[in-house]
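Notes follow once the structure below has been shown.
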Amino acid sequence: MIRVQREDFDVGAEIARIKARRSDIGAIVTFTGTVRDRDGAVAAMTLEHYPGMTEAELARVEAEACARFALQASLIVHRYGTLEPGDNIVLVATASEHREAAFEAARFLMDYLKTRAPFWKREDGPSGARWVEAEARDEAATARWSKEPAAKQP
Amino acid sequence: MIRVQREDFDVGAEIARIKARRSDIGAIVTFTGTVRDRDGAVAAMTLEHYPGMTEAELARVEAEACARFALQASLIVHRYGTLEPGDNIVLVATASEHREAAFEAARFLMDYLKTRAPFWKREDGPSGARWVEAEARDEAATARWSKEPAAKQP
Amino acid sequence: MRLLYFAWVKEKAGIAAEEVAPPDGVATVAELIDWLKGRGPEFAHAFARAEVIRAAIDQRHVRHDAPIAGAREIAFFPPVTGG
Amino acid sequence: MRLLYFAWVKEKAGIAAEEVAPPDGVATVAELIDWLKGRGPEFAHAFARAEVIRAAIDQRHVRHDAPIAGAREIAFFPPVTGG
(Lines give C-alpha, C1' and ligand atoms only; values in the text may rest on other atoms or scores of the structure.)
Protein backbone atom coordinates (compact mmCIF):
# COMPACT_ATOMS: atom_id res chain seq x y z
CA MET A 1 0.00 0.00 0.00
CA ILE A 2 1.18 3.54 -0.64
CA ARG A 3 0.09 6.88 0.78
CA VAL A 4 1.18 10.43 -0.04
CA GLN A 5 0.01 12.84 2.61
CA ARG A 6 0.62 16.11 4.40
CA GLU A 7 -0.21 14.61 7.83
CA ASP A 8 2.20 12.79 10.13
CA PHE A 9 2.15 8.99 10.47
CA ASP A 10 2.27 6.69 13.50
CA VAL A 11 4.71 3.81 13.05
CA GLY A 12 3.20 1.75 15.87
CA ALA A 13 -0.31 2.08 14.42
CA GLU A 14 0.93 1.12 10.94
CA ILE A 15 2.63 -2.01 12.32
CA ALA A 16 -0.54 -2.92 14.22
CA ARG A 17 -2.55 -2.55 11.01
CA ILE A 18 -0.14 -4.83 9.13
CA LYS A 19 -0.31 -7.49 11.85
CA ALA A 20 -4.07 -7.31 12.40
CA ARG A 21 -6.02 -10.55 12.03
CA ARG A 22 -3.10 -12.70 10.88
CA SER A 23 -0.38 -14.74 12.57
CA ASP A 24 1.69 -15.91 9.60
CA ILE A 25 4.12 -12.97 9.77
CA GLY A 26 7.51 -13.59 11.37
CA ALA A 27 9.38 -10.35 10.71
CA ILE A 28 8.47 -6.70 10.30
CA VAL A 29 11.04 -4.08 9.33
CA THR A 30 10.32 -0.36 9.37
CA PHE A 31 12.39 2.53 8.11
CA THR A 32 11.52 6.03 9.29
CA GLY A 33 13.25 8.99 7.65
CA THR A 34 13.21 12.24 9.62
CA VAL A 35 14.19 15.88 9.06
CA ARG A 36 17.74 16.13 10.34
CA ASP A 37 18.94 19.44 11.67
CA ARG A 38 22.59 19.96 10.93
CA ASP A 39 23.84 22.11 13.82
CA GLY A 40 20.93 24.51 13.64
CA ALA A 41 21.35 25.12 9.91
CA VAL A 42 17.82 23.94 9.09
CA ALA A 43 14.83 25.85 10.46
CA ALA A 44 12.33 24.12 8.21
CA MET A 45 12.16 21.86 5.18
CA THR A 46 9.56 21.99 2.44
CA LEU A 47 8.87 18.93 0.35
CA GLU A 48 7.48 19.61 -3.09
CA HIS A 49 6.20 16.72 -5.19
CA TYR A 50 4.52 15.88 -8.50
CA PRO A 51 0.95 14.83 -7.65
CA GLY A 52 -0.11 11.90 -9.78
CA MET A 53 3.36 10.80 -10.79
CA THR A 54 4.38 10.43 -7.13
CA GLU A 55 1.63 7.90 -6.49
CA ALA A 56 2.29 6.12 -9.78
CA GLU A 57 6.03 5.89 -9.13
CA LEU A 58 5.66 4.67 -5.54
CA ALA A 59 3.19 2.02 -6.73
CA ARG A 60 5.70 0.87 -9.37
CA VAL A 61 8.50 0.70 -6.79
CA GLU A 62 6.31 -1.29 -4.41
CA ALA A 63 5.23 -3.69 -7.17
CA GLU A 64 8.90 -4.24 -8.06
CA ALA A 65 9.70 -5.06 -4.40
CA CYS A 66 6.81 -7.54 -4.22
CA ALA A 67 8.09 -9.23 -7.38
CA ARG A 68 11.64 -9.51 -6.00
CA PHE A 69 11.04 -10.49 -2.38
CA ALA A 70 8.73 -12.89 -0.57
CA LEU A 71 6.68 -10.19 1.18
CA GLN A 72 3.45 -10.67 3.09
CA ALA A 73 2.79 -6.94 3.32
CA SER A 74 4.42 -3.65 2.41
CA LEU A 75 3.70 0.01 3.01
CA ILE A 76 5.15 3.29 1.82
CA VAL A 77 3.99 6.57 3.39
CA HIS A 78 5.62 9.77 2.16
CA ARG A 79 4.80 13.25 3.45
CA TYR A 80 4.91 16.55 1.57
CA GLY A 81 4.60 20.17 2.69
CA THR A 82 6.57 22.08 5.31
CA LEU A 83 8.28 20.07 8.06
CA GLU A 84 10.49 20.93 11.01
CA PRO A 85 13.64 19.26 12.32
CA GLY A 86 12.72 15.96 13.96
CA ASP A 87 9.53 15.57 11.92
CA ASN A 88 8.86 12.35 10.05
CA ILE A 89 9.30 12.41 6.26
CA VAL A 90 8.92 8.85 5.05
CA LEU A 91 7.92 5.44 6.36
CA VAL A 92 8.63 2.12 4.71
CA ALA A 93 7.38 -1.08 6.32
CA THR A 94 7.81 -4.66 5.11
CA ALA A 95 6.53 -7.93 6.53
CA SER A 96 7.72 -11.42 5.69
CA GLU A 97 8.03 -14.89 7.17
CA HIS A 98 11.78 -14.38 7.59
CA ARG A 99 13.96 -11.43 8.45
CA GLU A 100 16.19 -11.54 5.36
CA ALA A 101 13.39 -10.72 2.91
CA ALA A 102 11.94 -8.03 5.18
CA PHE A 103 15.32 -6.30 5.60
CA GLU A 104 16.25 -6.55 1.92
CA ALA A 105 12.86 -5.33 0.71
CA ALA A 106 12.84 -2.33 3.07
CA ARG A 107 16.25 -1.31 1.87
CA PHE A 108 15.28 -1.86 -1.76
CA LEU A 109 12.18 0.32 -1.33
CA MET A 110 14.21 3.14 0.26
CA ASP A 111 17.00 2.96 -2.33
CA TYR A 112 14.51 3.05 -5.19
CA LEU A 113 12.21 5.75 -3.89
CA LYS A 114 15.24 7.95 -3.15
CA THR A 115 16.09 8.07 -6.86
CA ARG A 116 12.65 7.56 -8.44
CA ALA A 117 9.90 9.22 -6.43
CA PRO A 118 9.40 12.81 -7.62
CA PHE A 119 9.99 14.74 -4.41
CA TRP A 120 12.27 17.74 -3.94
CA LYS A 121 13.49 19.07 -0.60
CA ARG A 122 14.03 22.77 0.04
CA GLU A 123 15.78 23.70 3.26
CA ASP A 124 15.05 27.02 4.89
CA GLY A 125 17.80 28.18 7.22
CA PRO A 126 19.20 31.40 8.71
CA SER A 127 21.16 31.99 5.48
CA GLY A 128 18.15 31.57 3.19
CA ALA A 129 16.52 28.77 1.24
CA ARG A 130 18.32 26.17 -0.84
CA TRP A 131 17.24 23.13 -2.82
CA VAL A 132 18.86 19.97 -1.48
CA GLU A 133 21.13 18.39 -4.06
CA ALA A 134 20.83 14.75 -5.03
CA GLU A 135 23.65 12.57 -3.74
CA ALA A 136 25.70 10.33 -6.02
CA ARG A 137 25.67 7.58 -3.41
CA ASP A 138 21.89 7.34 -3.68
CA GLU A 139 22.25 6.62 -7.40
CA ALA A 140 24.91 4.05 -6.56
CA ALA A 141 22.65 2.40 -3.97
CA THR A 142 19.89 2.01 -6.54
CA ALA A 143 22.29 0.73 -9.21
CA ARG A 144 23.50 -1.99 -6.83
CA TRP A 145 20.12 -3.77 -7.11
CA SER A 146 20.33 -4.18 -10.88
CA LYS A 147 23.48 -6.26 -10.41
CA GLU A 148 21.85 -8.67 -8.00
CA PRO A 149 19.71 -11.64 -9.01
CA ALA A 150 16.02 -10.87 -8.93
CA ALA A 151 15.16 -14.32 -7.56
CA LYS A 152 12.67 -14.48 -4.74
CA GLN A 153 14.23 -15.11 -1.38
CA PRO A 154 12.62 -17.57 1.03
CA MET B 1 19.98 0.07 25.66
CA ILE B 2 18.86 -3.50 26.26
CA ARG B 3 15.83 -4.92 28.04
CA VAL B 4 14.82 -8.52 28.78
CA GLN B 5 11.20 -8.73 29.84
CA ARG B 6 8.09 -10.82 30.02
CA GLU B 7 5.83 -7.89 28.99
CA ASP B 8 5.03 -6.83 25.44
CA PHE B 9 6.66 -3.76 23.87
CA ASP B 10 5.26 -0.86 21.84
CA VAL B 11 7.35 -0.08 18.76
CA GLY B 12 5.84 3.38 18.30
CA ALA B 13 6.56 4.34 21.90
CA GLU B 14 10.15 3.07 21.64
CA ILE B 15 10.74 5.13 18.48
CA ALA B 16 9.26 8.19 20.19
CA ARG B 17 11.62 7.66 23.14
CA ILE B 18 14.62 7.44 20.80
CA LYS B 19 13.63 10.65 18.98
CA ALA B 20 12.70 12.63 22.08
CA ARG B 21 14.47 15.95 22.57
CA ARG B 22 16.84 15.65 19.62
CA SER B 23 16.70 16.50 15.92
CA ASP B 24 20.03 15.16 14.69
CA ILE B 25 18.64 11.74 13.73
CA GLY B 26 17.93 11.14 10.05
CA ALA B 27 17.03 7.44 9.94
CA ILE B 28 15.43 4.95 12.31
CA VAL B 29 15.17 1.25 11.47
CA THR B 30 13.18 -1.21 13.54
CA PHE B 31 12.99 -4.96 13.35
CA THR B 32 10.12 -6.74 15.08
CA GLY B 33 10.18 -10.52 15.32
CA THR B 34 6.83 -12.21 15.99
CA VAL B 35 5.56 -15.70 16.75
CA ARG B 36 4.69 -17.21 13.40
CA ASP B 37 1.99 -19.81 13.24
CA ARG B 38 2.72 -22.35 10.56
CA ASP B 39 -0.71 -23.48 9.39
CA GLY B 40 -2.09 -23.93 12.87
CA ALA B 41 0.84 -26.07 14.02
CA VAL B 42 1.80 -23.69 16.83
CA ALA B 43 -0.65 -23.11 19.67
CA ALA B 44 1.92 -21.39 21.89
CA MET B 45 5.63 -20.78 22.15
CA THR B 46 7.65 -20.65 25.35
CA LEU B 47 10.93 -18.78 25.43
CA GLU B 48 13.38 -19.97 28.05
CA HIS B 49 16.52 -17.94 28.70
CA TYR B 50 19.60 -17.75 30.91
CA PRO B 51 19.06 -14.80 33.25
CA GLY B 52 22.26 -12.88 33.73
CA MET B 53 24.03 -14.20 30.67
CA THR B 54 21.19 -12.98 28.42
CA GLU B 55 21.65 -9.38 29.55
CA ALA B 56 25.45 -9.68 29.38
CA GLU B 57 25.38 -11.14 25.88
CA LEU B 58 22.90 -8.60 24.51
CA ALA B 59 25.02 -5.79 25.98
CA ARG B 60 28.10 -7.22 24.26
CA VAL B 61 26.27 -7.50 20.94
CA GLU B 62 25.03 -3.92 21.23
CA ALA B 63 28.52 -2.64 22.12
CA GLU B 64 29.91 -4.42 19.07
CA ALA B 65 27.29 -2.75 16.84
CA CYS B 66 28.11 0.68 18.26
CA ALA B 67 31.81 0.05 17.56
CA ARG B 68 31.11 -0.97 13.95
CA PHE B 69 28.44 1.51 12.87
CA ALA B 70 27.89 5.24 13.30
CA LEU B 71 24.83 4.92 15.53
CA GLN B 72 23.11 7.68 17.45
CA ALA B 73 20.95 5.25 19.43
CA SER B 74 20.21 1.55 19.63
CA LEU B 75 17.77 -0.63 21.49
CA ILE B 76 17.26 -4.36 21.95
CA VAL B 77 14.13 -5.65 23.71
CA HIS B 78 13.71 -9.41 23.99
CA ARG B 79 10.77 -11.14 25.63
CA TYR B 80 10.70 -14.46 27.47
CA GLY B 81 7.86 -16.64 28.79
CA THR B 82 4.86 -18.06 26.97
CA LEU B 83 3.70 -16.31 23.81
CA GLU B 84 0.95 -16.91 21.27
CA PRO B 85 1.00 -16.72 17.47
CA GLY B 86 1.18 -13.08 16.40
CA ASP B 87 2.82 -11.98 19.67
CA ASN B 88 5.98 -9.91 19.59
CA ILE B 89 9.24 -11.68 20.50
CA VAL B 90 12.05 -9.24 19.83
CA LEU B 91 12.56 -5.60 18.91
CA VAL B 92 15.74 -4.09 17.54
CA ALA B 93 15.87 -0.36 16.80
CA THR B 94 18.76 1.67 15.43
CA ALA B 95 19.08 5.39 14.75
CA SER B 96 21.69 7.12 12.63
CA GLU B 97 22.21 10.20 10.49
CA HIS B 98 21.98 8.07 7.35
CA ARG B 99 19.97 5.04 6.37
CA GLU B 100 22.89 2.77 5.45
CA ALA B 101 24.28 2.59 9.00
CA ALA B 102 20.82 2.18 10.54
CA PHE B 103 19.93 -0.69 8.20
CA GLU B 104 23.28 -2.45 8.53
CA ALA B 105 23.37 -2.13 12.32
CA ALA B 106 19.82 -3.48 12.74
CA ARG B 107 20.67 -6.46 10.61
CA PHE B 108 23.94 -7.00 12.45
CA LEU B 109 22.17 -6.92 15.81
CA MET B 110 19.58 -9.46 14.67
CA ASP B 111 22.15 -11.77 13.08
CA TYR B 112 24.31 -11.71 16.19
CA LEU B 113 21.60 -12.09 18.79
CA LYS B 114 20.14 -15.01 16.82
CA THR B 115 23.33 -17.02 17.38
CA ARG B 116 24.60 -15.51 20.65
CA ALA B 117 21.76 -14.56 22.98
CA PRO B 118 20.90 -17.55 25.24
CA PHE B 119 17.22 -18.04 24.40
CA TRP B 120 15.53 -21.30 23.48
CA LYS B 121 12.12 -21.63 21.86
CA ARG B 122 9.75 -24.48 22.64
CA GLU B 123 6.70 -24.79 20.43
CA ASP B 124 3.53 -26.32 21.83
CA GLY B 125 1.22 -27.68 19.15
CA PRO B 126 -1.55 -30.25 18.73
CA SER B 127 1.11 -32.98 18.36
CA GLY B 128 2.98 -32.05 21.54
CA ALA B 129 5.90 -29.86 22.48
CA ARG B 130 9.19 -29.59 20.60
CA TRP B 131 12.32 -27.51 20.98
CA VAL B 132 12.93 -25.38 17.90
CA GLU B 133 16.19 -26.35 16.19
CA ALA B 134 18.83 -23.80 15.34
CA GLU B 135 19.13 -23.06 11.62
CA ALA B 136 22.41 -23.30 9.77
CA ARG B 137 21.57 -20.14 7.84
CA ASP B 138 21.56 -18.14 11.06
CA GLU B 139 25.14 -19.24 11.71
CA ALA B 140 25.99 -18.30 8.13
CA ALA B 141 24.39 -14.87 8.55
CA THR B 142 26.52 -14.18 11.62
CA ALA B 143 29.68 -15.48 9.95
CA ARG B 144 29.14 -13.07 7.06
CA TRP B 145 29.95 -10.11 9.33
CA SER B 146 33.41 -11.38 10.23
CA LYS B 147 34.39 -11.20 6.56
CA GLU B 148 33.38 -7.58 6.18
CA PRO B 149 35.51 -4.60 7.17
CA ALA B 150 34.69 -3.27 10.59
CA ALA B 151 35.21 0.34 9.52
CA LYS B 152 32.62 2.85 10.67
CA GLN B 153 30.24 3.88 7.96
CA PRO B 154 29.23 7.53 7.58
CA MET C 1 0.79 19.20 -24.85
CA ARG C 2 0.99 20.23 -21.23
CA LEU C 3 4.37 21.08 -19.69
CA LEU C 4 5.06 21.00 -15.94
CA TYR C 5 8.06 22.38 -14.07
CA PHE C 6 9.17 21.51 -10.53
CA ALA C 7 11.58 22.72 -7.84
CA TRP C 8 14.35 25.02 -9.11
CA VAL C 9 13.41 24.45 -12.74
CA LYS C 10 10.03 25.97 -11.90
CA GLU C 11 11.59 28.82 -9.91
CA LYS C 12 14.03 29.72 -12.68
CA ALA C 13 11.46 29.39 -15.47
CA GLY C 14 9.00 31.43 -13.41
CA ILE C 15 6.10 29.16 -14.31
CA ALA C 16 4.65 25.92 -12.99
CA ALA C 17 2.59 24.68 -15.94
CA GLU C 18 1.62 25.68 -19.45
CA GLU C 19 0.16 24.38 -22.70
CA VAL C 20 2.54 24.43 -25.68
CA ALA C 21 2.49 23.37 -29.33
CA PRO C 22 6.12 22.91 -30.40
CA PRO C 23 6.86 22.97 -34.17
CA ASP C 24 7.06 19.77 -36.16
CA GLY C 25 10.85 19.39 -36.06
CA VAL C 26 10.79 18.94 -32.25
CA ALA C 27 10.70 15.15 -31.87
CA THR C 28 12.58 14.28 -28.65
CA VAL C 29 12.87 15.54 -25.09
CA ALA C 30 16.31 16.98 -25.92
CA GLU C 31 14.88 18.87 -28.88
CA LEU C 32 12.01 20.11 -26.75
CA ILE C 33 14.51 21.47 -24.23
CA ASP C 34 16.43 23.23 -27.01
CA TRP C 35 13.21 24.75 -28.29
CA LEU C 36 12.20 25.87 -24.77
CA LYS C 37 15.60 27.54 -24.23
CA GLY C 38 14.91 29.79 -27.23
CA ARG C 39 11.68 31.10 -25.72
CA GLY C 40 13.28 33.65 -23.40
CA PRO C 41 16.01 34.31 -20.83
CA GLU C 42 14.12 32.58 -17.97
CA PHE C 43 13.97 29.33 -19.92
CA ALA C 44 17.55 29.70 -21.14
CA HIS C 45 18.52 30.08 -17.46
CA ALA C 46 16.34 27.20 -16.22
CA PHE C 47 17.68 24.76 -18.83
CA ALA C 48 21.26 26.09 -19.00
CA ARG C 49 22.63 22.82 -17.55
CA ALA C 50 20.30 20.63 -19.59
CA GLU C 51 22.24 17.48 -18.71
CA VAL C 52 21.19 17.62 -15.03
CA ILE C 53 17.50 18.12 -15.81
CA ARG C 54 15.27 15.06 -15.57
CA ALA C 55 12.12 14.54 -17.61
CA ALA C 56 8.95 12.51 -17.35
CA ILE C 57 6.43 11.80 -20.09
CA ASP C 58 2.91 11.03 -18.89
CA GLN C 59 4.26 10.52 -15.36
CA ARG C 60 7.05 8.09 -16.21
CA HIS C 61 10.76 8.87 -16.10
CA VAL C 62 12.31 9.10 -19.57
CA ARG C 63 15.73 9.85 -21.00
CA HIS C 64 16.44 12.91 -23.13
CA ASP C 65 16.40 10.84 -26.32
CA ALA C 66 12.80 9.72 -25.72
CA PRO C 67 10.33 10.67 -28.48
CA ILE C 68 7.60 13.08 -27.44
CA ALA C 69 5.04 12.13 -30.08
CA GLY C 70 1.68 11.43 -28.47
CA ALA C 71 2.71 12.82 -25.06
CA ARG C 72 -0.07 14.52 -23.14
CA GLU C 73 2.05 15.73 -20.19
CA ILE C 74 5.80 16.34 -20.06
CA ALA C 75 7.50 17.37 -16.81
CA PHE C 76 10.97 18.82 -16.17
CA PHE C 77 12.66 18.75 -12.78
CA PRO C 78 16.01 18.41 -10.98
CA PRO C 79 17.21 15.02 -9.74
CA VAL C 80 14.76 13.92 -7.05
CA THR C 81 15.64 14.28 -3.35
CA GLY C 82 12.80 12.62 -1.44
CA GLY C 83 12.96 9.85 1.10
CA MET D 1 31.52 -24.91 40.85
CA ARG D 2 27.92 -24.35 39.90
CA LEU D 3 26.50 -26.11 36.82
CA LEU D 4 23.42 -24.89 34.95
CA TYR D 5 21.41 -26.75 32.28
CA PHE D 6 18.95 -25.24 29.84
CA ALA D 7 16.26 -26.33 27.35
CA TRP D 8 16.43 -29.99 26.31
CA VAL D 9 19.74 -30.51 28.10
CA LYS D 10 17.91 -29.62 31.31
CA GLU D 11 14.91 -31.80 30.42
CA LYS D 12 17.06 -34.83 29.64
CA ALA D 13 19.36 -34.40 32.64
CA GLY D 14 16.30 -33.87 34.84
CA ILE D 15 17.96 -31.05 36.74
CA ALA D 16 18.33 -27.29 36.27
CA ALA D 17 21.29 -26.47 38.51
CA GLU D 18 23.70 -28.13 40.91
CA GLU D 19 26.98 -27.70 42.73
CA VAL D 20 29.73 -30.13 41.71
CA ALA D 21 33.38 -30.73 42.55
CA PRO D 22 34.92 -32.67 39.63
CA PRO D 23 38.17 -34.58 40.26
CA ASP D 24 41.54 -33.02 39.49
CA GLY D 25 41.98 -34.60 36.05
CA VAL D 26 38.97 -32.73 34.66
CA ALA D 27 40.57 -29.63 33.12
CA THR D 28 38.43 -28.63 30.10
CA VAL D 29 34.78 -28.33 29.16
CA ALA D 30 35.10 -31.50 27.07
CA GLU D 31 36.53 -33.41 30.02
CA LEU D 32 33.79 -32.05 32.27
CA ILE D 33 31.18 -33.35 29.81
CA ASP D 34 32.85 -36.79 29.79
CA TRP D 35 32.85 -36.84 33.58
CA LEU D 36 29.17 -35.77 33.70
CA LYS D 37 28.19 -38.56 31.27
CA GLY D 38 29.55 -41.11 33.75
CA ARG D 39 27.30 -39.89 36.53
CA GLY D 40 24.17 -41.73 35.39
CA PRO D 41 21.89 -42.58 32.46
CA GLU D 42 20.14 -39.18 32.45
CA PHE D 43 23.45 -37.38 31.96
CA ALA D 44 24.64 -39.96 29.42
CA HIS D 45 21.42 -39.27 27.51
CA ALA D 46 21.60 -35.48 27.84
CA PHE D 47 25.20 -35.33 26.61
CA ALA D 48 25.02 -38.24 24.11
CA ARG D 49 25.58 -35.86 21.17
CA ALA D 50 28.20 -33.80 22.97
CA GLU D 51 29.26 -32.04 19.78
CA VAL D 52 25.95 -30.15 19.51
CA ILE D 53 25.99 -28.96 23.12
CA ARG D 54 27.13 -25.42 23.74
CA ALA D 55 28.82 -24.21 26.90
CA ALA D 56 29.33 -20.94 28.74
CA ILE D 57 31.77 -20.20 31.53
CA ASP D 58 30.80 -17.37 33.83
CA GLN D 59 28.17 -16.25 31.30
CA ARG D 60 30.41 -16.14 28.23
CA HIS D 61 30.28 -18.58 25.33
CA VAL D 62 33.29 -20.91 25.25
CA ARG D 63 34.46 -23.80 23.09
CA HIS D 64 34.79 -27.33 24.41
CA ASP D 65 38.56 -27.00 24.70
CA ALA D 66 38.28 -24.08 27.13
CA PRO D 67 39.90 -24.65 30.55
CA ILE D 68 37.52 -24.72 33.49
CA ALA D 69 40.00 -23.73 36.17
CA GLY D 70 38.65 -20.85 38.25
CA ALA D 71 35.14 -21.08 36.78
CA ARG D 72 32.35 -20.20 39.19
CA GLU D 73 29.44 -21.03 36.87
CA ILE D 74 29.37 -23.34 33.86
CA ALA D 75 26.24 -23.70 31.71
CA PHE D 76 25.30 -26.32 29.11
CA PHE D 77 22.61 -25.79 26.50
CA PRO D 78 21.56 -26.51 22.90
CA PRO D 79 22.35 -24.03 20.11
CA VAL D 80 20.38 -20.87 20.88
CA THR D 81 17.13 -20.14 19.04
CA GLY D 82 16.08 -16.67 20.19
CA GLY D 83 15.30 -13.62 18.11
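Just so you know, these numbers use all the heavy atoms, side chains as well, and skip hydrogens, waters and symmetry mates. Per chain, numbering begins at 1; letters A, B, ... match sequence-line order.
- Taken to the nearest 0.5 Å, the CG atom of L75(A) stands 5.5 Å off from the CG atom of L91(A).
- Interface remark: V35(A) contributes backbone atoms only to the contact with chain B (heavy atom separation under 4.5 Å).
- Between L109(B) atom CG and R116(B) atom CZ the span is 11.5 Å, to the nearest 0.5 Å.
- Looking at V42(B), neither its backbone nor its side chain comes within 4.5 Å of chain A, counting heavy atoms on both sides.
- If you tally non-hydrogen atom pairs under 4.5 Å between each of D37(B), D10(B), I89(B) and chain A, the highest count goes to D37(B).
- The only member of H78(B), M110(B), E62(B) that meets side chain to side chain contact (heavy atoms under 4.5 Å, CB included) when paired with V92(B) is M110(B).
- Contact tally against chain B (heavy-atom pairs below 4.5 Å) for T94(A), I25(A), D24(A): the top residue is I25(A).
- When heavy atoms are compared at a cutoff of 4.5 Å, A106(B) approaches chain A by way of both its backbone and its side chain.
- Rounding to the nearest 0.5 angstrom, the gap separating the CZ atom in R36(B) from the CD atom in E123(B) is 8.5 Å.
- Taken from NZ in K19(A) to CG in N88(B), the straight-line distance is 3.5 Å, to the nearest 0.5 Å.
- With a 4.5 angstrom heavy-atom cutoff, E97(A) touches chain B via backbone and side-chain atoms both.
- Only the side chain of I15(B) has a heavy atom closer than 4.5 Å to any heavy atom of chain A.
- Ranking G12(A), G26(A), P85(A), G86(A) against chain B, the residue ahead of the rest is G26(A), based on heavy-atom pairs under 4.5 Å.
- Using bins of under 30°, 30° to 60° and over 60° for the plane-to-plane angle, the ring pair F103(A)/F31(B) lands in the parallel bin.
- The most heavy-atom pairs under 4.5 Å with chain B, out of T32(A), T30(A), D111(A), come from T30(A).
- Between F108(A) and F69(A), the two ring planes are perpendicular [angle over 60°; tilted spans 30° to 60°].
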